[in-house]
There are 2 protein chains.
Amino acid sequence: MNTQPDSAPLIGVLGGMGPLATVDLLQKIITETPAGRDQDHVPVVAWNVPQIPDRQQALAGTGESPLPALLAAIRQLNRLSVSHIVIPCNTAHHWFDALAAESRAPLLHIADATLELVAHLAKDRVQAPQKVGLIATAGTLRAGWYQQRLAAKGAITLEPTEQEMAMFFVPGCYAVKRGELQEGGALLEQLAGRLVDRGAEWLVLACTEVPPALAAVKSRWLDISIDPTRALAQACVNIWLSHREVSVSTSRNSADESPERN
Amino acid sequence: MNTQPDSAPLIGVLGGMGPLATVDLLQKIITETPAGRDQDHVPVVAWNVPQIPDRQQALAGTGESPLPALLAAIRQLNRLSVSHIVIPCNTAHHWFDALAAESRAPLLHIADATLELVAHLAKDRVQAPQKVGLIATAGTLRAGWYQQRLAAKGAITLEPTEQEMAMFFVPGCYAVKRGELQEGGALLEQLAGRLVDRGAEWLVLACTEVPPALAAVKSRWLDISIDPTRALAQACVNIWLSHREVSVSTSRNSADESPERN
(Lines give C-alpha, C1' and ligand atoms only; values in the text may rest on other atoms or scores of the structure.)
Protein backbone atom coordinates (compact mmCIF):
# COMPACT_ATOMS: atom_id res chain seq x y z
CA MET A 1 0.00 0.00 0.00
CA ASN A 2 3.08 2.20 0.19
CA THR A 3 2.86 4.89 -2.51
CA GLN A 4 6.65 4.78 -2.84
CA PRO A 5 8.48 2.32 -5.08
CA ASP A 6 9.36 -0.74 -2.98
CA SER A 7 12.91 0.31 -2.32
CA ALA A 8 12.19 3.96 -1.50
CA PRO A 9 12.62 5.15 2.08
CA LEU A 10 9.65 6.17 4.18
CA ILE A 11 10.74 7.68 7.51
CA GLY A 12 8.44 6.86 10.42
CA VAL A 13 8.48 9.34 13.30
CA LEU A 14 7.42 8.03 16.71
CA GLY A 15 6.48 11.44 18.05
CA GLY A 16 4.23 13.23 20.50
CA MET A 17 6.88 13.53 23.25
CA GLY A 18 6.13 16.43 23.20
CA PRO A 19 4.19 17.27 20.07
CA LEU A 20 6.23 20.45 19.51
CA ALA A 21 9.49 18.47 19.47
CA THR A 22 8.03 16.35 16.67
CA VAL A 23 7.10 19.44 14.66
CA ASP A 24 10.63 20.74 15.28
CA LEU A 25 12.08 17.53 13.78
CA LEU A 26 9.77 17.67 10.75
CA GLN A 27 10.73 21.30 10.18
CA LYS A 28 14.44 20.49 10.43
CA ILE A 29 14.11 17.56 7.99
CA ILE A 30 12.69 20.05 5.46
CA THR A 31 15.34 22.71 6.19
CA GLU A 32 18.19 20.20 5.84
CA THR A 33 16.97 18.84 2.48
CA PRO A 34 18.36 20.33 -0.75
CA ALA A 35 15.13 20.57 -2.74
CA GLY A 36 13.77 22.53 -5.67
CA ARG A 37 10.17 21.29 -5.48
CA ASP A 38 7.77 19.39 -3.21
CA GLN A 39 8.65 16.00 -4.67
CA ASP A 40 12.36 16.34 -3.73
CA HIS A 41 11.53 16.31 -0.02
CA VAL A 42 11.87 13.39 2.39
CA PRO A 43 8.76 11.17 2.64
CA VAL A 44 7.75 11.06 6.30
CA VAL A 45 4.86 9.74 8.30
CA ALA A 46 4.64 11.21 11.80
CA TRP A 47 2.73 9.54 14.64
CA ASN A 48 2.23 12.66 16.76
CA VAL A 49 -0.07 11.22 19.42
CA PRO A 50 0.91 12.69 22.80
CA GLN A 51 -1.29 10.40 24.94
CA ILE A 52 1.81 8.56 26.16
CA PRO A 53 2.51 8.41 29.92
CA ASP A 54 5.16 10.92 31.03
CA ARG A 55 8.65 9.47 30.49
CA GLN A 56 10.38 11.49 33.21
CA GLN A 57 7.78 10.50 35.81
CA ALA A 58 7.97 6.83 34.79
CA LEU A 59 11.77 6.77 35.19
CA ALA A 60 11.46 8.57 38.55
CA GLY A 61 9.10 5.83 39.71
CA THR A 62 6.19 8.25 40.10
CA GLY A 63 4.19 7.36 36.98
CA GLU A 64 3.13 4.46 34.78
CA SER A 65 5.34 3.05 32.03
CA PRO A 66 5.03 4.54 28.55
CA LEU A 67 6.18 1.25 26.99
CA PRO A 68 2.75 -0.16 26.01
CA ALA A 69 1.82 3.10 24.23
CA LEU A 70 5.25 3.25 22.55
CA LEU A 71 4.96 -0.36 21.36
CA ALA A 72 1.49 0.35 19.95
CA ALA A 73 2.92 3.30 18.02
CA ILE A 74 5.78 1.16 16.67
CA ARG A 75 3.22 -1.38 15.43
CA GLN A 76 1.16 1.37 13.76
CA LEU A 77 4.20 2.75 11.92
CA ASN A 78 5.19 -0.73 10.78
CA ARG A 79 1.68 -1.27 9.38
CA LEU A 80 2.49 1.58 6.99
CA SER A 81 5.68 -0.20 5.85
CA VAL A 82 8.00 2.52 7.04
CA SER A 83 11.64 1.86 6.15
CA HIS A 84 13.18 3.46 9.26
CA ILE A 85 11.91 4.82 12.58
CA VAL A 86 13.21 7.80 14.55
CA ILE A 87 12.11 9.05 17.98
CA PRO A 88 12.37 12.81 18.60
CA CYS A 89 12.55 12.36 22.39
CA ASN A 90 15.83 11.54 24.08
CA THR A 91 14.29 10.17 27.26
CA ALA A 92 12.12 7.70 25.32
CA HIS A 93 15.35 6.06 24.14
CA HIS A 94 15.35 4.36 27.56
CA TRP A 95 12.95 1.88 25.89
CA PHE A 96 14.93 1.80 22.60
CA ASP A 97 15.94 -1.89 22.76
CA ALA A 98 12.42 -3.09 23.54
CA LEU A 99 11.02 -0.99 20.70
CA ALA A 100 13.70 -2.11 18.23
CA ALA A 101 12.95 -5.73 19.09
CA GLU A 102 9.26 -5.19 18.20
CA SER A 103 9.92 -3.32 14.94
CA ARG A 104 10.50 -4.70 11.46
CA ALA A 105 11.86 -1.29 10.40
CA PRO A 106 15.23 -0.44 11.96
CA LEU A 107 15.33 2.34 14.59
CA LEU A 108 17.96 5.09 14.41
CA HIS A 109 19.37 6.07 17.84
CA ILE A 110 19.42 9.82 18.46
CA ALA A 111 22.79 9.65 20.27
CA ASP A 112 24.40 7.85 17.31
CA ALA A 113 23.11 10.57 14.98
CA THR A 114 24.41 13.25 17.36
CA LEU A 115 27.89 11.74 17.64
CA GLU A 116 28.11 11.59 13.84
CA LEU A 117 27.40 15.32 13.82
CA VAL A 118 29.97 15.92 16.59
CA ALA A 119 32.60 13.99 14.60
CA HIS A 120 31.73 15.97 11.48
CA LEU A 121 32.02 19.33 13.29
CA ALA A 122 35.25 18.35 15.10
CA LYS A 123 36.84 17.44 11.75
CA ASP A 124 37.02 21.14 10.84
CA ARG A 125 38.81 22.17 14.05
CA VAL A 126 42.48 22.07 14.94
CA GLN A 127 41.61 20.53 18.27
CA ALA A 128 38.40 18.67 19.10
CA PRO A 129 36.65 19.99 22.25
CA GLN A 130 37.81 18.37 25.49
CA LYS A 131 34.77 19.28 27.59
CA VAL A 132 31.18 18.99 26.42
CA GLY A 133 28.20 20.12 28.49
CA LEU A 134 25.13 17.87 28.44
CA ILE A 135 21.62 19.28 28.97
CA ALA A 136 19.16 16.43 29.38
CA THR A 137 16.53 14.86 31.62
CA ALA A 138 17.65 12.94 34.70
CA GLY A 139 16.72 9.73 32.86
CA THR A 140 18.91 10.56 29.87
CA LEU A 141 21.80 11.66 32.13
CA ARG A 142 21.59 8.40 34.10
CA ALA A 143 21.38 6.28 30.93
CA GLY A 144 24.85 7.43 29.87
CA TRP A 145 24.26 7.22 26.08
CA TYR A 146 25.95 10.53 25.38
CA GLN A 147 28.68 10.32 28.05
CA GLN A 148 29.86 6.90 26.82
CA ARG A 149 29.92 7.94 23.17
CA LEU A 150 31.69 11.24 23.96
CA ALA A 151 34.26 9.42 26.12
CA ALA A 152 34.98 7.11 23.17
CA LYS A 153 35.93 10.26 21.24
CA GLY A 154 38.15 11.46 24.09
CA ALA A 155 35.81 14.13 25.49
CA ILE A 156 34.71 14.67 29.09
CA THR A 157 31.02 15.31 29.73
CA LEU A 158 29.94 18.02 32.15
CA GLU A 159 26.49 17.45 33.65
CA PRO A 160 24.12 19.78 35.53
CA THR A 161 24.10 19.33 39.31
CA GLU A 162 20.96 18.02 41.03
CA GLN A 163 20.25 21.55 42.22
CA GLU A 164 20.59 22.95 38.68
CA MET A 165 18.24 20.25 37.41
CA ALA A 166 15.60 21.24 39.96
CA MET A 167 16.08 25.00 39.54
CA PHE A 168 16.48 25.29 35.77
CA PHE A 169 16.03 22.11 33.78
CA VAL A 170 12.80 20.62 35.09
CA PRO A 171 10.77 23.87 35.26
CA GLY A 172 12.25 24.99 31.92
CA CYS A 173 11.36 21.76 30.18
CA TYR A 174 7.77 21.69 31.47
CA ALA A 175 7.31 25.38 30.57
CA VAL A 176 8.10 24.43 26.95
CA LYS A 177 5.60 21.59 27.14
CA ARG A 178 2.98 24.17 28.22
CA GLY A 179 3.94 26.26 25.17
CA GLU A 180 5.72 28.92 27.23
CA LEU A 181 8.92 29.06 25.20
CA GLN A 182 10.14 32.39 26.53
CA GLU A 183 9.87 31.30 30.15
CA GLY A 184 11.38 27.89 29.40
CA GLY A 185 14.13 29.41 27.25
CA ALA A 186 15.15 31.86 29.98
CA LEU A 187 15.56 29.05 32.51
CA LEU A 188 17.46 26.78 30.12
CA GLU A 189 19.69 29.70 29.09
CA GLN A 190 20.80 30.02 32.71
CA LEU A 191 21.58 26.31 32.89
CA ALA A 192 23.63 26.53 29.69
CA GLY A 193 25.58 29.46 31.17
CA ARG A 194 26.44 27.43 34.28
CA LEU A 195 27.92 24.61 32.17
CA VAL A 196 29.94 27.08 30.10
CA ASP A 197 31.22 28.68 33.34
CA ARG A 198 32.53 25.25 34.38
CA GLY A 199 34.47 24.91 31.14
CA ALA A 200 32.10 23.41 28.56
CA GLU A 201 33.32 24.27 25.05
CA TRP A 202 30.29 22.73 23.34
CA LEU A 203 26.79 21.97 24.61
CA VAL A 204 24.70 18.97 23.60
CA LEU A 205 21.01 19.89 23.94
CA ALA A 206 19.89 16.32 24.55
CA CYS A 207 16.26 16.98 25.36
CA THR A 208 14.10 17.81 22.35
CA GLU A 209 12.32 20.62 24.22
CA VAL A 210 15.58 22.55 24.66
CA PRO A 211 16.57 23.60 21.09
CA PRO A 212 13.25 25.36 20.28
CA ALA A 213 13.34 27.08 23.69
CA LEU A 214 16.91 28.39 23.29
CA ALA A 215 16.06 29.46 19.73
CA ALA A 216 13.00 31.35 21.05
CA VAL A 217 15.16 33.42 23.41
CA LYS A 218 17.93 33.83 20.80
CA SER A 219 20.35 32.20 23.21
CA ARG A 220 23.96 33.41 23.16
CA TRP A 221 25.02 29.73 23.36
CA LEU A 222 23.43 28.57 20.11
CA ASP A 223 26.76 28.87 18.27
CA ILE A 224 28.39 26.27 20.50
CA SER A 225 25.29 24.11 20.81
CA ILE A 226 24.77 20.75 19.15
CA ASP A 227 21.16 19.92 18.48
CA PRO A 228 20.39 16.18 18.48
CA THR A 229 17.05 16.90 16.76
CA ARG A 230 18.94 18.46 13.85
CA ALA A 231 21.38 15.52 13.88
CA LEU A 232 18.44 13.11 13.66
CA ALA A 233 16.96 15.19 10.83
CA GLN A 234 20.27 15.01 8.96
CA ALA A 235 20.36 11.22 9.38
CA CYS A 236 16.87 11.04 7.80
CA VAL A 237 17.89 13.37 4.98
CA ASN A 238 21.04 11.32 4.28
CA ILE A 239 18.97 8.14 3.92
CA TRP A 240 16.68 9.92 1.45
CA LEU A 241 19.53 11.55 -0.53
CA SER A 242 21.33 8.20 -0.93
CA HIS A 243 18.14 6.80 -2.45
CA ARG A 244 17.56 9.87 -4.65
CA GLU A 245 21.09 9.60 -6.04
CA VAL A 246 20.61 5.92 -6.82
CA SER A 247 17.26 6.73 -8.49
CA VAL A 248 18.82 9.46 -10.62
CA SER A 249 21.69 7.25 -11.78
CA THR A 250 19.22 4.41 -12.51
CA SER A 251 17.02 6.75 -14.52
CA ARG A 252 19.96 7.65 -16.72
CA ASN A 253 19.99 4.00 -17.81
CA SER A 254 16.22 3.40 -18.01
CA ALA A 255 14.28 6.46 -19.02
CA ASP A 256 10.86 5.40 -17.65
CA GLU A 257 9.50 4.88 -14.16
CA SER A 258 11.96 7.08 -12.33
CA PRO A 259 10.47 9.06 -9.44
CA GLU A 260 12.90 11.80 -10.45
CA ARG A 261 11.05 12.93 -13.59
CA ASN A 262 11.16 16.65 -14.23
CA MET B 1 -4.40 -1.05 17.49
CA ASN B 2 -5.34 2.56 18.18
CA THR B 3 -3.76 3.66 21.47
CA GLN B 4 -6.75 5.93 22.11
CA PRO B 5 -9.96 4.77 23.73
CA ASP B 6 -12.35 3.67 20.96
CA SER B 7 -14.27 6.92 20.86
CA ALA B 8 -11.27 9.25 21.01
CA PRO B 9 -10.44 11.37 17.98
CA LEU B 10 -7.31 10.71 15.94
CA ILE B 11 -6.81 13.42 13.30
CA GLY B 12 -5.31 12.14 10.04
CA VAL B 13 -3.43 14.72 7.97
CA LEU B 14 -3.12 14.04 4.26
CA GLY B 15 -0.05 16.21 3.81
CA GLY B 16 3.07 16.70 1.73
CA MET B 17 1.54 19.39 -0.54
CA GLY B 18 4.00 20.93 0.23
CA PRO B 19 5.68 19.40 3.26
CA LEU B 20 6.13 22.84 4.89
CA ALA B 21 2.40 23.54 4.72
CA THR B 22 1.82 20.32 6.65
CA VAL B 23 4.32 21.35 9.33
CA ASP B 24 2.57 24.73 9.47
CA LEU B 25 -0.77 22.99 10.15
CA LEU B 26 0.74 20.75 12.85
CA GLN B 27 2.32 23.79 14.50
CA LYS B 28 -0.97 25.70 14.43
CA ILE B 29 -2.88 22.74 15.91
CA ILE B 30 -0.46 22.88 18.87
CA THR B 31 -0.66 26.68 19.19
CA GLU B 32 -4.48 26.67 19.12
CA THR B 33 -4.77 23.99 21.83
CA PRO B 34 -5.20 25.04 25.47
CA ALA B 35 -2.82 22.56 27.10
CA GLY B 36 -0.83 22.27 30.28
CA ARG B 37 1.12 19.11 29.38
CA ASP B 38 1.92 16.82 26.45
CA GLN B 39 -1.09 14.59 27.01
CA ASP B 40 -3.57 17.50 26.59
CA HIS B 41 -2.59 17.97 22.93
CA VAL B 42 -4.48 16.78 19.87
CA PRO B 43 -3.56 13.26 18.70
CA VAL B 44 -2.49 13.54 15.07
CA VAL B 45 -0.96 11.27 12.48
CA ALA B 46 0.53 13.14 9.53
CA TRP B 47 1.17 11.50 6.16
CA ASN B 48 3.79 13.97 4.94
CA VAL B 49 4.88 12.18 1.75
CA PRO B 50 5.46 14.80 -0.97
CA GLN B 51 5.85 12.33 -3.87
CA ILE B 52 2.44 13.37 -5.22
CA PRO B 53 2.22 14.76 -8.78
CA ASP B 54 1.97 18.56 -8.85
CA ARG B 55 -1.65 19.65 -8.38
CA GLN B 56 -1.36 22.96 -10.23
CA GLN B 57 0.22 21.30 -13.26
CA ALA B 58 -2.41 18.53 -13.29
CA LEU B 59 -5.26 21.07 -13.29
CA ALA B 60 -3.51 23.08 -16.03
CA GLY B 61 -3.39 19.91 -18.14
CA THR B 62 0.42 19.84 -18.16
CA GLY B 63 1.01 17.04 -15.63
CA GLU B 64 -0.31 13.70 -14.45
CA SER B 65 -3.18 13.38 -11.97
CA PRO B 66 -2.34 13.27 -8.27
CA LEU B 67 -5.51 11.27 -7.56
CA PRO B 68 -3.94 7.77 -7.38
CA ALA B 69 -1.31 8.98 -4.87
CA LEU B 70 -3.97 10.85 -2.87
CA LEU B 71 -6.23 7.79 -2.75
CA ALA B 72 -3.31 5.64 -1.57
CA ALA B 73 -2.66 8.13 1.23
CA ILE B 74 -6.35 8.09 2.23
CA ARG B 75 -6.21 4.30 2.45
CA GLN B 76 -3.05 4.44 4.58
CA LEU B 77 -4.63 6.89 7.04
CA ASN B 78 -7.76 4.76 7.28
CA ARG B 79 -5.61 1.71 8.09
CA LEU B 80 -4.61 3.60 11.25
CA SER B 81 -8.29 4.08 12.18
CA VAL B 82 -8.14 7.85 12.04
CA SER B 83 -11.41 9.51 13.09
CA HIS B 84 -11.22 12.51 10.71
CA ILE B 85 -9.02 13.55 7.78
CA VAL B 86 -7.85 17.06 6.87
CA ILE B 87 -5.85 18.16 3.82
CA PRO B 88 -3.55 21.17 4.29
CA CYS B 89 -3.57 22.01 0.57
CA ASN B 90 -6.40 24.03 -0.94
CA THR B 91 -5.79 22.93 -4.51
CA ALA B 92 -5.95 19.24 -3.57
CA HIS B 93 -9.59 19.85 -2.56
CA HIS B 94 -10.32 19.59 -6.29
CA TRP B 95 -10.31 15.81 -5.64
CA PHE B 96 -12.20 16.13 -2.32
CA ASP B 97 -15.35 14.23 -3.36
CA ALA B 98 -13.39 11.30 -4.83
CA LEU B 99 -11.27 11.09 -1.66
CA ALA B 100 -14.27 11.36 0.66
CA ALA B 101 -15.98 8.55 -1.24
CA GLU B 102 -12.94 6.29 -0.63
CA SER B 103 -12.56 7.14 3.08
CA ARG B 104 -14.25 5.56 6.07
CA ALA B 105 -13.18 8.58 8.17
CA PRO B 106 -14.99 11.82 7.28
CA LEU B 107 -12.99 14.56 5.53
CA LEU B 108 -13.21 18.18 6.74
CA HIS B 109 -13.26 20.73 3.87
CA ILE B 110 -10.80 23.58 4.33
CA ALA B 111 -13.25 26.15 2.90
CA ASP B 112 -15.94 25.10 5.40
CA ALA B 113 -13.45 25.55 8.25
CA THR B 114 -12.45 28.95 6.84
CA LEU B 115 -16.02 30.22 6.54
CA GLU B 116 -16.67 29.20 10.14
CA LEU B 117 -13.72 31.38 11.12
CA VAL B 118 -14.98 34.25 8.91
CA ALA B 119 -18.41 34.05 10.55
CA HIS B 120 -16.80 34.01 13.99
CA LEU B 121 -14.66 37.08 13.22
CA ALA B 122 -17.52 38.97 11.56
CA LYS B 123 -19.67 38.42 14.68
CA ASP B 124 -17.49 40.92 16.59
CA ARG B 125 -17.84 43.72 14.00
CA VAL B 126 -20.58 46.28 13.52
CA GLN B 127 -20.58 45.54 9.80
CA ALA B 128 -19.29 42.36 8.15
CA PRO B 129 -16.79 43.03 5.32
CA GLN B 130 -18.36 43.53 1.90
CA LYS B 131 -15.29 42.78 -0.17
CA VAL B 132 -12.88 39.93 0.49
CA GLY B 133 -9.67 39.36 -1.48
CA LEU B 134 -8.83 35.76 -2.37
CA ILE B 135 -5.21 34.62 -2.87
CA ALA B 136 -5.17 31.11 -4.29
CA THR B 137 -3.98 28.90 -7.14
CA ALA B 138 -5.74 29.12 -10.50
CA GLY B 139 -7.31 25.73 -9.73
CA THR B 140 -8.73 26.93 -6.41
CA LEU B 141 -9.97 30.21 -7.95
CA ARG B 142 -11.71 28.30 -10.76
CA ALA B 143 -13.27 25.79 -8.35
CA GLY B 144 -15.24 28.57 -6.64
CA TRP B 145 -15.33 26.99 -3.16
CA TYR B 146 -14.53 30.24 -1.39
CA GLN B 147 -16.46 32.60 -3.71
CA GLN B 148 -19.69 30.60 -3.35
CA ARG B 149 -19.44 30.36 0.42
CA LEU B 150 -18.55 34.07 0.76
CA ALA B 151 -21.45 35.03 -1.53
CA ALA B 152 -23.79 33.05 0.73
CA LYS B 153 -22.65 35.37 3.54
CA GLY B 154 -23.27 38.46 1.38
CA ALA B 155 -19.60 39.22 0.54
CA ILE B 156 -18.07 39.87 -2.88
CA THR B 157 -14.80 38.12 -3.69
CA LEU B 158 -11.96 40.01 -5.38
CA GLU B 159 -9.57 37.78 -7.33
CA PRO B 160 -6.08 38.40 -8.73
CA THR B 161 -5.94 39.09 -12.47
CA GLU B 162 -4.25 36.62 -14.80
CA GLN B 163 -1.30 38.97 -15.03
CA GLU B 164 -1.03 39.21 -11.23
CA MET B 165 -1.15 35.42 -11.01
CA ALA B 166 1.75 35.11 -13.45
CA MET B 167 3.81 37.96 -11.97
CA PHE B 168 3.28 37.41 -8.24
CA PHE B 169 1.36 34.32 -7.26
CA VAL B 170 2.96 31.51 -9.27
CA PRO B 171 6.60 32.55 -8.73
CA GLY B 172 5.87 33.40 -5.07
CA CYS B 173 4.26 30.03 -4.40
CA TYR B 174 7.05 28.02 -6.03
CA ALA B 175 9.70 30.08 -4.19
CA VAL B 176 8.12 28.93 -0.92
CA LYS B 177 8.18 25.33 -2.15
CA ARG B 178 11.94 25.77 -2.73
CA GLY B 179 12.26 27.03 0.86
CA GLU B 180 12.85 30.65 -0.19
CA LEU B 181 10.32 32.25 2.11
CA GLN B 182 11.69 35.78 1.90
CA GLU B 183 11.56 35.85 -1.89
CA GLY B 184 8.14 34.18 -1.95
CA GLY B 185 6.83 36.45 0.80
CA ALA B 186 7.93 39.62 -1.02
CA LEU B 187 6.06 38.57 -4.17
CA LEU B 188 2.91 37.54 -2.32
CA GLU B 189 3.00 40.78 -0.29
CA GLN B 190 2.77 42.74 -3.54
CA LEU B 191 -0.20 40.65 -4.66
CA ALA B 192 -1.95 41.26 -1.34
CA GLY B 193 -1.36 45.00 -1.73
CA ARG B 194 -3.00 44.98 -5.16
CA LEU B 195 -6.16 43.37 -3.78
CA VAL B 196 -6.30 45.86 -0.92
CA ASP B 197 -5.89 48.71 -3.43
CA ARG B 198 -8.99 47.42 -5.23
CA GLY B 199 -11.01 47.55 -2.01
CA ALA B 200 -10.48 44.22 -0.23
CA GLU B 201 -11.21 44.66 3.48
CA TRP B 202 -10.11 41.14 4.39
CA LEU B 203 -7.83 38.68 2.59
CA VAL B 204 -8.31 34.92 2.50
CA LEU B 205 -4.88 33.25 2.05
CA ALA B 206 -6.29 30.16 0.37
CA CYS B 207 -3.04 28.50 -0.61
CA THR B 208 -1.20 26.87 2.28
CA GLU B 209 2.17 28.22 1.07
CA VAL B 210 1.01 31.82 1.54
CA PRO B 211 0.57 32.23 5.33
CA PRO B 212 4.13 31.10 6.25
CA ALA B 213 5.55 33.31 3.47
CA LEU B 214 3.66 36.43 4.59
CA ALA B 215 4.62 35.67 8.20
CA ALA B 216 8.28 35.39 7.15
CA VAL B 217 8.24 38.92 5.68
CA LYS B 218 6.14 40.28 8.59
CA SER B 219 3.51 41.36 6.07
CA ARG B 220 1.57 44.52 6.84
CA TRP B 221 -1.57 42.67 5.73
CA LEU B 222 -1.49 39.92 8.36
CA ASP B 223 -3.99 41.80 10.56
CA ILE B 224 -6.66 41.63 7.87
CA SER B 225 -5.70 38.16 6.65
CA ILE B 226 -7.68 34.99 7.25
CA ASP B 227 -5.55 31.87 7.28
CA PRO B 228 -7.40 28.72 6.16
CA THR B 229 -4.60 26.59 7.66
CA ARG B 230 -5.32 28.13 11.07
CA ALA B 231 -9.05 27.63 10.49
CA LEU B 232 -8.43 23.95 9.72
CA ALA B 233 -6.26 23.69 12.84
CA GLN B 234 -9.07 25.21 14.93
CA ALA B 235 -11.55 22.69 13.49
CA CYS B 236 -9.19 19.86 14.58
CA VAL B 237 -8.76 21.39 18.03
CA ASN B 238 -12.53 21.80 18.46
CA ILE B 239 -13.07 18.10 17.70
CA TRP B 240 -10.47 17.19 20.32
CA LEU B 241 -11.76 19.64 22.95
CA SER B 242 -15.34 18.35 22.59
CA HIS B 243 -14.01 14.87 23.32
CA ARG B 244 -11.83 16.06 26.23
CA GLU B 245 -14.80 17.81 27.82
CA VAL B 246 -16.93 14.68 27.48
CA SER B 247 -14.08 12.64 29.01
CA VAL B 248 -13.77 15.01 31.93
CA SER B 249 -17.49 15.00 32.67
CA THR B 250 -17.57 11.20 32.37
CA SER B 251 -14.65 10.91 34.77
CA ARG B 252 -16.57 12.93 37.36
CA ASN B 253 -19.09 10.08 37.39
CA SER B 254 -16.64 7.16 37.14
CA ALA B 255 -13.31 7.86 38.79
CA ASP B 256 -11.22 5.28 36.89
CA GLU B 257 -10.10 4.98 33.30
CA SER B 258 -10.24 8.65 32.39
CA PRO B 259 -7.50 9.85 30.06
CA GLU B 260 -7.69 13.14 31.98
CA ARG B 261 -5.85 11.98 35.11
CA ASN B 262 -3.61 14.60 36.68
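Residue numbers begin at 1 in each chain, while the letters A, B, ... track the order of the sequences.
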Heavy-atom distance under 4.5 Å to chain A: side chain of B:Ala46, backbone, both or neither? both

Spell out the residues in residues 92-102 of chain B that have some non-hydrogen atom less than 4.5 Å away from a non-hydrogen atom of chain A, in order of number; otherwise answer 'none'. none

Going by the salt bridge (charged side-chain N to carboxylate O under 4.0 Å, His left out) test, which pairs reach into residues 13-23 of chain B, not counting sequence neighbours? none

Counting a contact as any heavy-atom pair under 4.5 Å apart, which residues of residues 18-29 of chain B contact chain A? B:Gly18, B:Pro19, B:Leu20, B:Val23, B:Leu26, B:Gln27

Residue among B:Asn48, B:Leu77, B:Val45 satisfying side-chain contact (heavy atoms from CB on, under 4.5 Å) with A:Val45: B:Val45

Are any side-chain N or O atoms of B:Gln51 and backbone N or O atoms of A:Gln39, one a donor and one an acceptor, separated by less than 3.5 Å? yes

Most contact-rich option vs chain A, by heavy-atom pairs under 4.5 angstrom, among B:Ile30, B:Thr31, B:Val13, is B:Ile30

Given that the side chain runs from C-beta out, which part of B:Val42 has a heavy atom under 4.5 Å from chain A: side chain, backbone, both or neither? backbone

Any residues in residues 175-185 of chain A near chain B, with a heavy-atom distance under 4.5 Å, and which are they? A:Lys177, A:Arg178

Can you tell which of B:Gly36, B:Pro50, B:Ala35 has the highest number of heavy-atom pairs within less than 4.5 Å of chain A? B:Pro50

Starting at CD of A:Glu209, measure out to CG of B:Asp38 and round the result to the nearest 0.5 Å. 6.0 Å

